[in-house]
Amino acid sequence: MKQDKSTSRIPVAIQLLRLGIDGLSAISPRLAGRWVYHLWFTTHRFAEPKRETHWREQAQQFNLPHKYGPLAMYSWGEGPPVLLVHGWNGRGTQMGGFAVSLAKAGYRAIAFDAPGHGRTPGNNSTIFRIIDAVNVIADEFGPLKGIVAHSFGAMVIARALRTQVIAERVVCINPAAQLDFLIDSFCSTLAIPPRTRAAFLQRLEKHYGSDIGIQISAEENVAGLSIPALIVHDVDDTEVPWQQGQRLANAWPESHFMQTQGLGHRRSLRDKTTIQKVTRFIAEGDTG
């Protein structure tokens with residue numbers, strides 16, 4: 001039998017999850033919703049490429065105590081601290097290109113592996129655990145000259161800035177602005193049936209409140225912030241569309257929106273031009 005090309009491009013693990021969720025949904029949407037809720041918080045680790053190994057070997061590596069397990073930390077350079085925040089299923093070394101550039105510019109670049117990510121223990125996490133980790137790091141190394149956050153990391157930082165963390169300047173790269181977008185993307189990837197999706201959302205709201213979407217919405221949390229920000233988003237990002245970055249920029253009073261092209265979701269983290277512009281913005285507030 002000829003295999004459908006669109007299906008053949010989907011990773012086998014995702015195809016198996018889809019089959020499992022679909023089968024359980026037919027029996028009990030409530031139980032399937034519980035499984036989906038578990039999957040929502042599950043993290044996955046991927047092999048570290050050579051470039052990241054090279055960046056990591058240039059860093060000072062240490063652990064910082066944290067209630068969810070010791071945080072794997074990385075530090076480059078000396079000077080005013082700049083915190084680097086990776087996205088979901090990412091790791092601190094992904095931000096190494098910015099770290100090296102910032103260190104050369106006279107800053108201490110600090111990255112970490114969030115709870116359940118990289119070399120930090122755990123196989124699941126929540127945005128609130130990661131926010132708590134950011135708060136601990138800011139207390140230990142702040143006041144922060146700046147923050148550079150990627151993807152889901154921008155949602156973490158938006159909430160942290162609203163509640164506790166202080167930074168002079170912030171950069172968000174290919175950011176997600178809304179919880180609804182993340183949920184839609186997650187449910188689409190796993191082809192979750194409507195009744196199972198409803199059961200999943202009901203469980204999510206039961207544990208975190210019916211206003212969870214507002215609690216962690218980046219565009220809600222940055223409204224009213226007076227911190228200057230640079231929002232960078234690639235028009236060819238297929239994981240988080242550039243409109244998410246535009247929404248965040250529109251909601252952030254002191255922000256500048258910059259579009260790139262041809263970099264997708266992650267190549268922005270190693271693009272020399274983007275790295276130079278981000279470093280210059282942290283150092284001088286230059287958005288040109």
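Since the model is a prediction, treat every value here as computed from it, not as a measurement.
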Among pairs that include at least one residue of residues 147-167, which meet salt bridge (charged side-chain N to carboxylate O under 4.0 Å, His left out), considering only residues two or more places apart or in two chains? none
Measure the shortest side-chain to side-chain distance between Leu102 and Leu84 over non-hydrogen atoms and say whether it is less than 4.5 angstrom. yes
Rounded to the nearest 0.5 Å, how far apart are CG of Leu269 and NE2 of His150? 4.5 Å
Any donor and acceptor pair, going by atom type alone, linking the side chain of His117 with main-chain N or O of Pro115 inside 3.5 Å? yes
Heavy-atom closest pair, residues Pro80 and Gly106: CD-O, 3.5 Å
In the single-linkage hydrophobic clustering (I, L, V, M, F, W, Y; side-chain heavy atoms under 4.5 Å), do Val156 and Val240 co-cluster? yes
Yes or no on side chain to side chain contact (heavy atoms under 4.5 Å, CB included) for Ile157 and Val165, after CA distance, side-chain angles and deciding distance? CA-CA 8 Å; Ile157 288 305; Val165 172; 6.0 Å; no
Output field: ring centroids Tyr37/His207 closer than 6.0 Å: yes
When hydrophobic residues are tied together by side-chain contacts of less than 4.5 Å, even through go-betweens, does Leu182 share a cluster with Trp242? yes
For Leu19, I'd like to know if atom CG has over 12 heavy atoms of other residues, nucleotides or ligands within 6.0 Å. yes
Residue pair Met155 / Ile127, side-chain heavy-atom distance below 4.5 Å: yes
Within this structure, what is the CG-CD1 distance for the pair Leu161 and Ile147, rounded to the nearest 0.5 Å? 5.0 Å
The reported gap from CZ in Phe200 to CH2 in Trp35 (rounded to nearest 0.5 angstrom) is 14.0 Å
Does a side-chain heavy-atom distance below 4.5 Å link Leu230 with Ser255? no
Minimal non-hydrogen separation, Asp113 against Gly92, with atom names: OD1-N, 2.7 Å
Given 3.5 Å as the limit, does a donor-acceptor pair link the side chain of Thr43 with the main chain of Asn123, or not? yes
Check this for me: does any side-chain nitrogen of one of Arg197 and Asp184 sit under 4.0 Å from a carboxylate oxygen of the other? yes
Heavy atoms only: give me the nearest Asp22-Pro193 pair and the separation to one decimal. OD1-CG, 3.9 Å
Please say yes or no: joined through hydrophobic side-chain contacts below 4.5 Å, possibly via intermediate residues, are Phe41 and Ile14 part of one cluster? yes
Is Thr42 reaching over with its side chain to a backbone N or O of His38, donor-acceptor style, under 3.5 angstrom? yes
What are the two closest heavy atoms between Gly33 and Thr196, and how far apart are they? N-CG2, 3.6 Å
Taking C-beta and beyond as the side chain, do Gln60 and Tyr74 meet within less than 4.5 Å on heavy atoms? no
Please round to the nearest 0.5 Å and tell me the distance separating atom CZ of Arg18 and atom CG of Leu16. 11.5 Å
Among the clusters formed by ILVMFWY side chains lying less than 4.5 Å apart, do Tyr68 and Val136 turn up in the same one? no
Let me see the working for Ser75 and Arg108 under side chain to side chain donor-acceptor pair (under 3.5 Å), right down to the final yes or no. CA-CA 7 Å; Ser75 175; Arg108 182 183 185 185; 2.7 Å; yes
Could you check whether any side-chain heavy atom of Phe141 comes within less than 4.5 Å of a side-chain heavy atom of Leu64, counting everything from C-beta outward? yes
Without swapping roles, check the side chain of Thr120 against the backbone of Gly116 for a donor-acceptor pair under 3.5 Å. no
Is it the case that the side chain of Arg280 and the backbone of Gly285 share a donor-acceptor pair, with hydrogens and angles ignored and the cut-off at 3.5 Å? no
I want to check something: taking the side chain as every heavy atom from C-beta on, are Trp252 and Cys172 in contact at a cut-off of under 4.5 Å? yes
Dump the intermediate steps for side chain to side chain contact (heavy atoms under 4.5 Å, CB included) on Asn250 and Phe257, then the final yes or no. CA-CA 9 Å; Asn250 290 343; Phe257 184 62; over 6 Å; no
What closest approach, in Å, do Ser268 and Asp234 show between heavy atoms, and which atom pair accounts for it? OG-CB, 4.3 Å
Take the angle between the ring planes of Trp88 and Phe152 and call it parallel below 30°, perpendicular above 60°, tilted in between. perpendicular
Rounded to the nearest 0.5 Å, how far apart are CG of Asn221 and CD1 of Ile214? 10.0 Å
side-chain contact (heavy atoms from CB on, under 4.5 Å) test vs His233 passes for just one of Asn174, Leu263, Leu248, Thr260, namely Asn174
Do any N or O atoms from the side chain of Glu254 and from the backbone of Ser226 form a donor-acceptor pair under 3.5 angstrom? no
Keeping Thr189 on the side-chain end and Ser185 on the backbone end, is there a donor-acceptor pair under 3.5 Å? yes
Compare all side-chain heavy atoms of Ile282 with those of Val171 and state whether any distance is below 4.5 angstrom. yes
Would you say CD of Gln202 has more than 12 non-hydrogen atoms from neighbouring residues, nucleotides or ligands within 6.0 angstrom? no
Applying salt bridge (Lys or Arg N to Asp or Glu O under 4.0 Å), can you list everything that pairs with Arg247, at least two apart in sequence or on another chain? Glu219
Do Gln261 and Asp236 pass the side chain to side chain contact (heavy atoms under 4.5 Å, CB included) test, and can you show the C-alpha distance, the side-chain angles, and the key distance before you say yes or no? CA-CA 6 Å; Gln261 188 169 11; Asp236 297 313; 3.3 Å; yes
For Gln94 and Arg91, indicate whether the former's side chain and the latter's backbone hold a donor-acceptor pair under 3.5 Å. yes
Between Thr279 and Ser101: side-chain donor-acceptor atoms closer than 3.5 Å: yes
For the residue pair Val82 and Ile110, establish whether any side-chain heavy-atom pair is separated by less than 4.5 Å. no
Check the hydrophobic clustering (I, L, V, M, F, W, Y; side-chain heavy atoms under 4.5 Å; chains of links allowed) and say if Val100 and Met73 are grouped together. no
In Å, rounded to the nearest 0.5 Å, how long is the span from CZ of Phe112 to CD1 of Ile137? 4.5 Å
Is a donor from one side chain sitting under 3.5 angstrom from an acceptor on the other, for His265 and Asp237? yes
Would you say the ring centroid of Tyr208 lies under 6.0 angstrom from that of Phe128? yes
Does atom CZ of Arg195 have more than 12 heavy-atom neighbours, drawn from other residues, nucleotides or ligands, at distances under 6.0 Å? no
Going through the distances and angles, do Tyr107 and Phe98 end up as a side chain to side chain contact (heavy atoms under 4.5 Å, CB included)? CA-CA 11 Å; Tyr107 297 98; Phe98 296 104; over 6 Å; no
Salt bridge (charged side-chain N to carboxylate O under 4.0 Å, His left out): which pairs involve residues 118-141, sequence neighbours left out? Glu48-Arg119, Lys67-Asp132
What closest approach, in Å, do Trp55 and Thr93 show between heavy atoms, and which atom pair accounts for it? CE3-O, 3.3 Å
